[in-house]
Amino acid sequence: KRAGTISGSPTRPTGDAGAAVTFTKKGAPTRTARFVVGPVPTVAVALAGDAARCSVSGAGKAYLAGKRVTLAAKAPKGTAFAGWTRDGEPWPNAAESKSVKLSFSMPSEDLALVASFEKEKMSVACPGLADGTFTVGVAGDGDGIPLEVATQSGVKSVKASKLPSGMKLVKDRETGAWSIVGSPKKAGTYNVVLTVTAVSGATETITIPVEVQALPSWAVGTFAGCGEGEFPGYDLVEDNLYGKVTVAANGKVSGKFLFDTGNDRLLTSTFSAKALTGWEYDPEGGGYFLDVTLAFKDGRKVVASRDCRFRIEQNGGDVGIGGGRIYVSGADITLYQNVWKVKGFESLPVFAEKKTVVSRTVEIHGDEEVEDGTSTITLVLDRKGGVSATLVEEGIDRGVPFRDRFAFKGELIVIERWEEGGERFYEAEVPLVIGNRATAHVDVTMRVSPDGKVYADGCEITEWTDFGDWGPNE
């Protein structure tokens, strides 16, 4: 005797009558067996809600118990699938019931489901609008323009048009939130068009008025100053850095720095940027910043460099003039705004004469060979903040008389004002470039007379680069 097994996967139910299977063997009687394949429950799906032109594939069929069944809900454009329910409850669970495509193992009894549809629900908004307009600065201050985008069927795409140049639409990879970020390059009012398309095909469009404001007056214009910076391979010379930076109202920046090597030679570093890096806040207040690499060249070769951050902030406080200033991290130098060139700026000294002369003489003390030597700096100040300067060095060098004269131009950078003893004063810095030989600075204090004007006898040079420390033939 032999035993055997009949195995396989029936492809369709047999019904209650079953299916006859005949077994034959030579020399043995024929045997017939009847097999019933089942049960064969059915899946019925009813449509509910805004179901016009909606359908469900895979429904209305009989399936063997345990067989994998896939149902797919289909809806026309603008209609969203709301979910699967059985006896009024989400099926098979709350999470999977929202899936347009549903796969499950067929139970042993008939299954009656309801597929619900409704018009797509969409929400597109810009929560940061104030008075109907979103305001942003040309430096892209803040976190950009936040957007709230929500759809019932899911977001297929978000597109923005008519954006200010320099800004773009981005999606946060972690949160999925959308926003418009960047540094706009030009001030003005822009009507940004935002179009959201849902998975259902429904679309919604909103217009976001965006006002790009120019930089404040204290952050725009020309900034100049003199200070110090240490560079490997060079001796530290007093006031060995001169800087001049121009910031346009649209955030474009350009600048030039001169490095005094101490050997009657200046190295130059120039830079430019289409926009400021951004805006930042700290406990002292807000300011704009720009990251710059100062690369000083000797001919075409870079011989000294320094990564610096320029921070532009208002020169306020108790004595600040109210203009702007640029702190340069990576070097001991601060550039102050030339407020003479700021239209409508009022906090400026008024000179009584067209030309106001102030001078200071010191003894030459840097060389024992120089007898009775003096170094004299003279500034001629005009009513618009211009400066004509001369430096005269004279004396006797090893028995031989000498006299050297240098003439150069500068700017009267007013940085402070205050009252003392019932009198008003101004403090100004004059950053100087002496030909192609040296950098220097002079501080001038100006007393305001009772008539509101500044006279020559009220001006004094209070601090200056040590012009008296000159060696022979310097």
Can you name the residues that form a salt bridge (Lys or Arg N to Asp or Glu O under 4.0 Å) with [X], not counting sequence neighbours?
X: Asp291; answer: Arg309
X: Arg403; answer: Glu394
X: Asp307; answer: none

Could you pull out the closest heavy-atom pair between [X] and [Y], with the gap in Å?
X: Pro184; Y: Pro164; answer: CB-CB, 4.1 Å
X: Thr462; Y: Val444; answer: OG1-N, 4.4 Å
X: Val192; Y: Ala160; answer: CG1-CB, 4.5 Å

### Query
By ring-ring contact (aromatic ring centres under 6.0 Å, His included), which residues pair with Phe81, not counting sequence neighbours?
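For Phe81 the ring-ring contact (aromatic ring centres under 6.0 Å, His included) partners, ignoring immediate neighbours, are Trp84, Phe117.
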Check: Which residues pass the ring-ring contact (aromatic ring centres under 6.0 Å, His included) test with Phe425, sequence neighbours left out?
Finding: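 Testing Phe425 for ring-ring contact (aromatic ring centres under 6.0 Å, His included), a comparison that skips the adjacent residues, returns Trp418.
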Self-check item: Worked verdict on Thr378 versus Ser359 for side-chain hydrogen bond (donor to acceptor under 3.5 Å, both in side chains)
Solution: CA-CA 4 Å; Thr378 301; Ser359 182; 3.1 Å; yes
May I have all residue pairs that pass ring pair (Phe, Tyr, Trp, His ring centres under 6.0 Å) and include part of residues 226-250, sequence neighbours excluded?
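Residue pairs passing ring pair (Phe, Tyr, Trp, His ring centres under 6.0 Å), neighbours aside: Phe231-Phe259, Phe231-Phe296, Tyr234-Phe259.
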Option from Asp382, Leu412, Ile413 for which side-chain contact (heavy atoms from CB on, under 4.5 Å) with Trp340 holds: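 Of Asp382, Leu412, Ile413, side-chain contact (heavy atoms from CB on, under 4.5 Å) with Trp340 is met by Leu412 alone.
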[X] and [Y] ion-paired at < 4.0 Å:
X: Glu411; Y: Lys244; value: yes
X: Arg306; Y: Glu230; value: no
X: Glu427; Y: Arg417; value: no
X: Arg437; Y: Asp260; value: no

Worked check of salt bridge (Lys or Arg N to Asp or Glu O under 4.0 Å) between Glu96 and Lys98
CA-CA 5 Å; Glu96 292 182 81; Lys98 299 299 181 182; over 6 Å; no
Under a 3.5 Å threshold, yes or no: a donor from one side chain and an acceptor from the other, between [X] and [Y]?
X: Thr70; Y: Ser103; value: yes
X: Glu393; Y: Ser375; value: no
X: Thr374; Y: Thr361; value: no
X: Lys409; Y: Ser388; value: yes
X: Thr79; Y: Glu120; value: no

Rounded at 0.5 Å granularity, tell me how far [atom1] in [X] sits from [atom2] in [Y].
X: Lys384; Y: Lys341; atom1: NZ; atom2: NZ; value: 11.5 Å
X: Ser217; Y: Gln314; atom1: OG; atom2: CD; value: 7.5 Å
X: Ile180; Y: Leu194; atom1: CD1; atom2: CG; value: 6.0 Å
X: Leu335; Y: Ile326; atom1: CG; atom2: CD1; value: 5.0 Å

Open item on the list: Could you check whether any side-chain N or O of Thr151 sits under 3.5 Å from a backbone N or O of Val155, counting only pairs where one atom can act as donor and the other as acceptor?
Closed with: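 At least one qualifying donor-acceptor pair exists.
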message: Please check: side-chain N/O of Asp172 versus main-chain N/O of Thr175, any donor-acceptor pairing under 3.5 Å?
response: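 Side chain of Asp172 to backbone of Thr175: a pair is present.
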How are the rings of Phe257 and Phe310 set relative to one another: parallel (under 30°), tilted (30 to 60°) or perpendicular (over 60°)?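 Tilted.
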Yes or no on side-chain hydrogen bond (donor to acceptor under 3.5 Å, both in side chains) for Thr197 and Thr203, after CA distance, side-chain angles and deciding distance?
CA-CA 4 Å; Thr197 302; Thr203 62; 5.7 Å; no
- Query: When you look at CG of Asp235, are more than 12 heavy atoms from neighbouring residues, nucleotides or ligands closer to it than 6.0 Å?
  - Reply: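 It does not: Asp235 CG has 12 such atoms or fewer within range.
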